[in-house]
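Data first, discussion second: the structure below is written as structure tokens.
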Amino acid sequence: MGRLDGKLALVTGAASGIGAECARTFVREGATVLLTDVQDEAGRALADELGHAASYRRLDVVSPEDWAAAIDELRQAHGRLQVLVHNAGGGVPRDDLEHLSLEQWRRVQALNVDSVLMGTQAALPLLRASGEPASIVIVSSVAGLIGTPDLVAYGSAKGAVRILSKSIALHCARKGYPIRCNSVHPGFCDTPLVRALASQSRDPDEAWRHLSQVAPLGRLGTPQEVAALVLYLASDESAFTTGAELVLDGGLTAS
Ligand SMILES: NC(=O)c1ccc[n+]([C@@H]2O[C@H](COP(=O)([O-])OP(=O)(O)OC[C@H]3O[C@@H](n4cnc5c(N)ncnc54)[C@H](O)[C@@H]3O)[C@@H](O)[C@H]2O)c1
């Protein structure tokens, strides 16, 4: 028996890294999954690999029209949605106070924060539709918990979704909706995003070594470890957990 048997899930940014691993894990645990991304080829290839329980559609998370169309497709095809994972996100190079432009700041807020607001607003009626327990999981970051001089826009956005997550959780609880919402806060994990971050630095090998060892546990996290936590929050095993922020960072924020 799977931990998500019978559940319908939508994962954003599912073509790569953590989102792809969430999609794999969800299908393995019995869910039907709509993978969404802007990398259509990779998203479609993964959905094909995962078989009949998975499908792919393009969803640019900064587009209200894309959100409306994706939710409409789910409504017509299934009439329900039990799991929504806001995973798509990212930053910009040279994200420090003296290099960051206002245009870049706005782009990062749109990708990491506006997307979560828009997507949650668009999906809420469908998440409520079946009356069954539903779960929203927001992939934030340790950068949303502590200040980082090189992640000014990104950290601010990840901090904003931390509180947005709690506000969504409390709104749904107050209204009596059977919808929970929680955020997860990974430290550095081995994904294309972090490899790109290292490759943009002046000494990519040294940057990679540093990122790999910065956590007290002395290694990077894996997308599988993040997906396992997202799975817990998506499943009914976490039925009493809402408005929480769960950290997996190898001890990075412990001191
Ligand atoms: N990897 C880490 O160390 C780490 C740590 C903390 C938080 N995170 C967060 O985890 C999430 C996933 O990151 P990842 O490391 O797997 O990165 P990744 O680059 O491997 O995957 C991100 C995915 O999001 C997609 N995406 C980007 N912009 C999009 C848009 N506008 N609409 C839809 N999809 C879009 C990309 O195409 C990609 O497939 C992000 O929110 C990231 O901020 C990652």
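Bear in mind the structure is a predicted one, so any value in this text is a computation, not a measurement. Start at 1 and go down the list; that is how both ligands and their atoms are numbered.
- No continuous path of ILVMFWY side-chain contacts below 4.5 Å connects Phe188 to Val184, so the two sit in separate hydrophobic clusters.
- Counting heavy atoms closer than 4.0 Å to ligand 1, residue His185 contributes nothing at all.
- For atom 33 (C) of ligand 1, the closest non-hydrogen atom on the protein side is Leu59 O, 3.2 Å.
- One hydrophobic cluster holds both Leu111 and Leu117 under the rule that ILVMFWY side chains link at heavy-atom gaps under 4.5 Å.
- Looking only at protein heavy atoms, the nearest one to atom 23 (C) of ligand 1 is Gly13 O, 3.7 Å.
- Which parts of ligand 1 touch Gln39 is read off a 4.0 Å heavy-atom cut-off, strictly below it: atoms 36 (C), 37 (O), 38 (C), 39 (O).
- Atom 1 (N) of ligand 1 has Thr191 OG1, 3.0 Å as its closest protein atom, hydrogens excluded (heavy atom only).
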Run the numbers on Trp67 and Gln121 for side chain to side chain contact (heavy atoms under 4.5 Å, CB included), then give the verdict.
CA-CA 9 Å; Trp67 273 110; Gln121 288 179 327; over 6 Å; no
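- Contact analysis puts Ser140 in contact with ligand 1, with a non-hydrogen atom separation below 4.0 angstrom.
- Near Ile18, meaning under 4.0 Å from one of its heavy atoms, ligand 1 places the atoms 10 (O), 16 (O), 44 (C).
- The shell of residues lying under 4.0 angstrom from ligand 1, judged by heavy atoms, excludes Ala20.
- A donor-acceptor contact shorter than 3.5 Å is absent between the side chain of Gln82 and the backbone of Ala9.
- Distance alone, capped at 3.5 Å, places no donor-acceptor pair between the Thr32 side chain and the Ala53 backbone.
- Regarding atom 13 (O) of ligand 1, its nearest protein heavy-atom neighbour is Leu193 CD1, 4.0 Å.
- The protein atom (non-hydrogen) at minimum distance from atom 32 (N) of ligand 1 is Val61 N, 3.0 Å.
- A donor-acceptor pair is defined here as one N or O able to donate and one able to accept, closer than 3.5 Å; such a pair exists between the side chain of Asp95 and the backbone of Val152.
- Ion pairing between a basic and an acidic side chain is recognised when a charged N comes within 4.0 Å of a carboxylate O; Arg195 and Asp190 show such pairing.
- Considering only non-hydrogen atoms, atom 22 (C) of ligand 1 lies nearest to Gly89 out of Ala15, Gly43, Gly89, Gly17.
- The side chain of Leu111, and not its backbone, has at least one atom closer than 4.0 Å to an atom of ligand 1 (non-hydrogen atoms only; side chain from C-beta on).
- Grouping the Ile, Leu, Val, Met, Phe, Trp and Tyr side chains by contacts below 4.5 angstrom, directly or via other members, places Val161 apart from Val142.
- For Ser183 and His185, the side-chain atoms include at least one donor-acceptor pair closer than 3.5 Å.
- Atom CD1 in Ile168 sits 11.5 Å away from atom CD1 in Ile163 (nearest 0.5 Å).
- Within the 4.0 Å heavy-atom criterion, both parts of Asp60, backbone and side chain, lie near ligand 1.
- Residue Phe188 has at least one heavy-atom neighbour below 4.0 Å for each of these atoms of ligand 1: 3 (O).
- Of the possible donor and acceptor atoms, one in the side chain of Arg58 sits under 3.5 Å from a partner among the backbone N and O of Val38.
- In this structure, Val194 is part of the shell of residues with a heavy atom less than 4.0 angstrom from ligand 1.
- Under the 4.0 angstrom criterion, atom 27 (C) of ligand 1 counts as lacking any protein heavy-atom contact.
- Note that the OG atom of Ser135 and the CG atom of Asn182 stand 6.5 Å from one another [nearest 0.5 Å].
- In terms of protein heavy-atom proximity, atom 41 (O) of ligand 1 is nearest to Asn87 O, 2.7 Å.
- In this structure, the protein non-hydrogen atom closest to atom 20 (O) of ligand 1 is Ser16 OG, 2.6 Å.
- Atom-to-atom distance recorded for His86:NE2 and Cys181:SG is 7.0 Å, nearest 0.5 angstrom.
- Atom 39 (O) of ligand 1 has its closest protein heavy atom at Asp37 OD2, 2.6 Å.
- The distance criterion of under 3.5 Å between nitrogen or oxygen atoms is met by Lys158 with respect to ligand 1.
- Considering backbone and side-chain N/O of Tyr154, one or more are found under 3.5 Å from N/O of ligand 1.
- Each of the atoms 20 (O) of ligand 1 lies under 4.0 Å from some heavy atom of Pro192.
- Between Ile71 atom CD1 and Leu81 atom CG the span is 6.0 Å, to the nearest 0.5 Å.
- Of the listed residues (Ala14, Ala42, Gly187), the one carrying the non-hydrogen atom nearest atom 4 (C) of ligand 1 is Gly187.
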Given the rule in the salt bridge (charged side-chain N to carboxylate O under 4.0 Å, His left out) test, do Glu132 and Lys7 qualify, once you have shown the distances and angles that lead to the verdict?
CA-CA 9 Å; Glu132 293 168 32; Lys7 292 195 189 282; 5.9 Å; no
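- When each atom of ligand 1 is checked for a heavy atom of Val139 under 4.0 Å away, the hits are 9 (C), 10 (O), 11 (C), 41 (O).
- Close approach of ligand 1 to Pro186 (heavy-atom distance below 4.0 Å) involves ligand atoms 5 (C), 6 (C), 7 (C).
- Proximity of His86 to ligand 1 is not established, as no heavy-atom distance is less than 4.0 Å.
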